[in-house]
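A short worksheet on the structure shown next.
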Amino acid sequence: MKVAIDTGGTFTDLLYLEDGFLKPEKVFSTPKDPSQAILEVLSYVPERLTTLVHGSTVGTNAFLERKGAEIAFITTYGFEDLLFIGRQARPKLYDFFVEKPRPFVKEKNCYGVKERIDAKGKIIKPLRKVSIERLLKILKENPVEAIAICLINSYLNPFHEKKLKEVLSRLKIPISLSSEVLPEFREFERASTTAINAYLSPVMSKYLKKLKKKLPEVNLYIQQSNGGWMAVEEVERFSSHTVLSGPAGGVSGAFILAKTFGISKIITFDMGGTSTDVCLIDGRIPFTKEYNLDGFPLSIPVIDIHTVGAGGGSIAYVDVGGALKVGPESAGADPGPACYGKSLFPTVTDANLILGRLLPDAFLGGKYKLQKERSLKALSSISKKLGLSIEETALGVIKVANTVMGRALRRISIERGYDPKEFALVCFGGAGGLHACSLAKELEIKEIIIPKLAGGFSAFGLLFSPPLKDFSQTVWIEAKEKEKLLEYINWLQKSAYSHMEKLGFKKETLSHEIFLDMRYKGQGFELTIPYFHSYIEEFEREHEKQFGYKVKQFPIEVVTLRIRIRGKTDNTNWKIEKKREKFSSFQTRVFTEKGWIEVPVIDWDSLKIGENFKGPALVLEDFTTVWVEENFMVEVAENYTLRIFRK
Amino acid sequence: MKAIELEIFNNLFSAIAEEMGIVLRRSSFSPNIRERCDFSCAIFDEKGELVSQASHIPVHLGAMPETMKSILPLFNWKEGDVIITNDPFSGGTHLPDITLIKPVFFENSLSFFLVVRAHHADVGGKYAGSMAVATHIEEEGILIKPTYLIKGRTFQISFFENFIKNLRNPLEREGDLKAQIASIIRGEKRLIELCKKYGLSKLKAIIEELKSYSQRAMEKLLEKAPKGEYYFTDYLDDDGLEELDIPIKVKVTFKNKKVIVDFSESASQVKGCVNAPKAVTHSAVYYVFLSLLNTLGEYPINEGCFRPIEIITKPGTVVSATYPSAVAAGNVETSQRIVDTLLGALSEAFKDFVPSASCGTMNNIAMGNEAFAYYETIGGGMGARPGKDGLSGVHTHMTNTLNTPVEALEHDYPVRIERYSLRKNSGGKGKYRGGNGLIREYIFLEPCTVTILSERRKHSPYGLFGGKAGKRGKNILIKGKEKIYLPGKVNLKVDKNDRIIIKTPGGGGWGKEE
C-alpha cells in the first residue's frame, strides 16, 4: 500500500487510499527527530506499507537554523568571496543597522584554484594537476563534510569542475558540481544553489538513511520543490531540491482538486501560523527560478509560491505614529497566541476568537480549549491606544492582516497581468477559512473552494504527485536559429532520458515538456515559455501580457533550455467518507462591520452533497473553521468540498 | 478607524509604486536598470507632494520632490501627457538619470503625478557612459530641459528621433524609455482603479492623514536630539582637475520638533564634475533622517517626513550647483560626502544610532568604444555601527545598485574580470570594526576609453569615538609589466590586455579597541 506523509511545523499528516476512500491520520510533529512522528502515524495504517511519498522539512529547517554540514567552497582564483559579496547590495535601504543574510559557509573553507574558462566556454588557463593535488592536501588537513564546486563560466564547459571532482572524490565525501546542479549563467546564483546543495546533502542523507533503516521494505520517495517526487538516492545527491517540499504538495493537491470540478484557473491560499503561502495556477503549475532561501538564491525550479509574514500567530501592535500593524513578528506555535495560555501576544487568532469566528471549545476537535479571557486581556492595551472598543480593535487587526494577505494575492495575479475575477480561490491550511471570504471580496474573486481535508492538505498532493525531474542548460542562441535550437533540444532530451533510465525508469512510462527561457537581446530577465512551434510569437505575447509592450525590431535570444520529465501518476480516483455528525446546528454571535449578528454554526460532517445554504454561517470541522460571510452562497459539492460563491 | 486605514492605504499606495518598479526592471535593457536596479518610482498628489515611493535608490527618491516642485508650474497639465527631463538644474540629479512624469486624471480633474527615474547607460557627451571628468554640463551629455515626450497621447516623434540619434546605443535607449512608459502606464491604471473603488475625496483625505502620520513620527525622532547646534566639516579629495580639498560644512540646529540643516558655508562650485545640484543635497539629508527614523519603526515615506526638516543651501556652491557646471559625480560622489558630513554632525546628538563613515564613494567606472558602452559601480566597507561591525563589500548610503554578474558582463562586453574579492583588513579597527572594501580587476579585450570617478583616495573614511579610519581606496593601471597609480577621477584610453584594479575603501571603526 502507498501512503503520503507530510511533516509540518505542528502536525505530521498521513493519507492513504483504502477501497477508494481517503483515510487521513494526524499526530503532533516531533521536530527534533521527525522520523519519530512518522513511525507513530504509520502505526495507524492497517495494511503492509510498500511505498511512502514523504514531504519533509528537514532540508529547509537545517538551512533556516544553519545546521547543515561544514562544507568547502571551491571556485576560480580571485572569486573566493563570491558567497559573501553576493550581489553587493544591502537588504534594506534606510537602515543603518541592516544585516546581510547569515552565512552558511565559513570564510576559511573557501578556496580559489588557478584556472579560467572564457565567456565562450574556451579554456584560456588550464587547471593544472598540481593545483588539484595541493587542494586535496589542504582538504585532508582541514577536513569538511561536503564540497561545492563552482568555477566561473563552467556552465558552458564543465571540464575543470569534473577534473576537480575526479581527484577530490578520494576524500569520500559528497561533492556538488555547479555544472550538474545548475548549468546556468550568473555565478553568484549558481554558486549559492550549489553550496546550499552541498550544505544539505549530508543532513538529508543521514535523515533518509535513518528512515530507510526503520522502514527497510519500503520504497521511499521524497517530494521535491518542483511538485514531483524522486527516489531517495537521487535526493541525496540533489538535496537542495527538497526545499519547500510540503507547501509544493499543497499546491499540487489544490490543482488536482480543482480539476475534479473542471476548474483549471486557481489561486491557492494556505494560511498557517506564522505565514501565508499563495500561488496562481493558470492551467499549469508555475515555477520560479528566483527562489530566495533565507537570503540566498536557490535557482532550481521551485513551484512559484509567494510567502508573506501574516498568519494566525502574527502579532498586532500600535506604532509610534499611531497606526495599527500586524506581523511579521509571530507568536508561532509555541508559545502561540494569547488564547493558547502560554503568552500574552495579541494575535490574529485572538482577534478571531474575540469576534466569535473561532469557537473556544471546538479548536482541534475540542481537544484544546482556547482561553478567550486571555485574548481580551492581550488586545485591551491596543484598544486603549486606539480609543476603540475591543471588538472594533479585533476587527481592525483582521482587516490589517487581510491587507497584507490581499497584497500577496495581488502580487501574484494583478501585478503579473492576471485578472483574479477569472480564478477560484482554493483555500487550505488551518486558518485560511476564516479569511477567505474577505479576501475574495477584496479581489473580486467569484468562487472559493475549500476541501474537507483542508487541515492536512499537503499530504493529499503528495499522494497523487508524479515522479518529476528538471534538466536545464544555458545555451545563448538567437531565437530564429531554429535548427541549432532543435539540435540542442535533442541533445538535452537524450541526456535527460538516459539519466532517468539510469534511475530505473522505463522510457515508455515517461513524458516530457520543453521550456525556453527567452528575452529580447540586452534584457536581464528571461521569460520561461513552453516550447511550441510558434515559440517566438508565444514569447512576444507573454512579454506584452506582463509588461504591456513588445519591440518588433529587436533580436530575441533563447538563453536557457529546460526539460521536465514526468513519470506516470497513480490512479487518482478517490472519495471522502461520510463521517458521523457530531452536533446539530446551533446559533452563535459573530462581530462584523454591522456589529454583533446571530449566525448558525454548522457541523461540516452533517452536510449532504448537493445541499446549499447562505452566509453568514460558521462551518466547523476538527481542524478547520470556515467563516462564510453575508452575500456568499455555499454549495456542498462532491466529497463534501465547499464551493462558496460570491453574489 | 483611522489607525486601521493608515496601514491599509499605505500598503495600497506603496504596492503601486513597487509594481511600477517591477515592470520597469523586468522589461528594460540597460544593465544599469535591469541588473543593478538603478531606478526609482514614486507617486505624488496634485499639489506635487510625495504620497508614496518604492524603496529603490535613495539618491533618486529624495530628489524627486525637488523635481516635482520645479516642474509642476511649467506646464498646463493635460490628460495623456508625459514629460521627459534630465535637467540637473530643475530638480534632476545628473544627465544619465532620465525622468518621466505623467499626470493622472480622474473624472477630468488632475489628481496625481507618477514619476519614474532611471539611469540610462549613455546620454551622449564626450565619453561613453556619460559619466566623465568634464568641466561643462554640455560636455557630459545631452541636457533635456523639461519637455513633452507624449503630448495629449501623441508621441513626439521629432523630438525623440532628434534626441536618440546623438546617442551611442539608440535602440537600447528606445527600449529603456518604452519600459519607463510601461511602468507609469501601469501605475496610472492602478491609481484609477483605486480612485474608482474608494472615491477620490476619500483617497485625498487619507493621503493627508498619511502625511501627518509620518510627520508625527519624524517629530518624535527629532525630539530625541538634545537641543542646540552641531557642526561638522568633511572634504572631497578633488574635482578631478586640480589637487584641492573641497570642504563641505554643515551646521545642524534642533529646536521645537524641527531641524535646520545649513550647508551655506560649503565650498563654492568647482570646475570639475563633483558639483551637486540642490536636489541631490536634499536627497542626502532626507536619507539620513529617514534612516534615523527607521530606528523607531517602519513609517511610510511621504511629504510628511520632510515637513519638520529645513535645508539651507547657497546657490553657486558645491552643494547647490548652478548652470553650466558639470555635475556627473555630484550625484554619485558628493552626495555620499554630504551624508558623511551630516552624520558627523549628528554623531553626538544621536550617539546610539549614528555609524562611522562608510566607504563614501560609489567607485564609478564607465567604459566603451564605438561598439559598446558600459557603466558600473563598486561597493565598499560600511562604517561600524554602535553595537555592530560594519558590513563588508556592500553599497552604502545613497546607492544600493546590484553588481552585474561577471558571467553576464563577460558574455555581453569585451571585458574579463580577473578578480572580485573582499579587500581584507581595509575596515578601520575599533570596538566595532568597519566593513572591508572590495577589489575588482578588469582586463580589457579591446581598446576602449575608461572613466573612473571615485573618492576617498586621499581623505579616509573617519572613525567615531576612538575608532580608527577605514583604508583609502586605490586605482591601479597595469600596462604590460608597468604598474601606474591612477588619480581618483580620470579619463583614459586603454589598450587590449591592459588591466585596471580598483581597491575600494573600508568603513571607519566605532569606539576604542579594547
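Per chain, numbering begins at 1; letters A, B, ... match sequence-line order. Worth saying up front: this structure is predicted, and the values here are computed from it rather than measured.
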Turns out that what part of B/Ser28 lies under 4.5 Å from chain A's heavy atoms comes down to backbone
Result for side-chain contact (heavy atoms from CB on, under 4.5 Å) between B/Glu410 and one of A/Asn153, A/Asp118, A/Ile117 points to A/Asn153
* To do: Answer yes when A/Glu444 and B/Lys196 have at least one side-chain N-carboxylate O distance shorter than 4.0 Å, and no when they do not.
  => no
Applying a strict 4.5 Å limit to non-hydrogen atoms, the region of B/Lys388 in contact with chain A is side chain
If one checks every heavy atom of B/Ser392 against chain A at 4.5 Å, the contacting part turns out to be backbone
- Task: Would you indicate whether the side-chain heavy atoms of B/Leu292 and A/Phe96 approach each other to under 4.5 Å?
- Result: yes
Is the shortest heavy-atom distance from the side chain of B/Pro386 to the side chain of A/Phe97 under 4.5 Å?
yes
When the 4.5 angstrom heavy-atom criterion is applied to B/Arg419 and chain A, the contacting part is both
Turns out that what part of B/Ile439 lies under 4.5 Å from chain A's heavy atoms comes down to neither
Take A/Phe188 and B/Glu407 through the test side chain to side chain contact (heavy atoms under 4.5 Å, CB included) and record every step on the way to the result.
-> CA-CA 9 Å; A/Phe188 170 58; B/Glu407 289 170 351; over 6 Å; no
Given B/Ile417, B/Leu293, B/Asp176, B/Leu343, the one with more heavy-atom pairs under 4.5 angstrom with chain A than any other is B/Ile417
- Message: Using side-chain heavy atoms (C-beta onward) and a distance below 4.5 Å, is B/Leu422 in contact with A/Glu80?
- Response: no
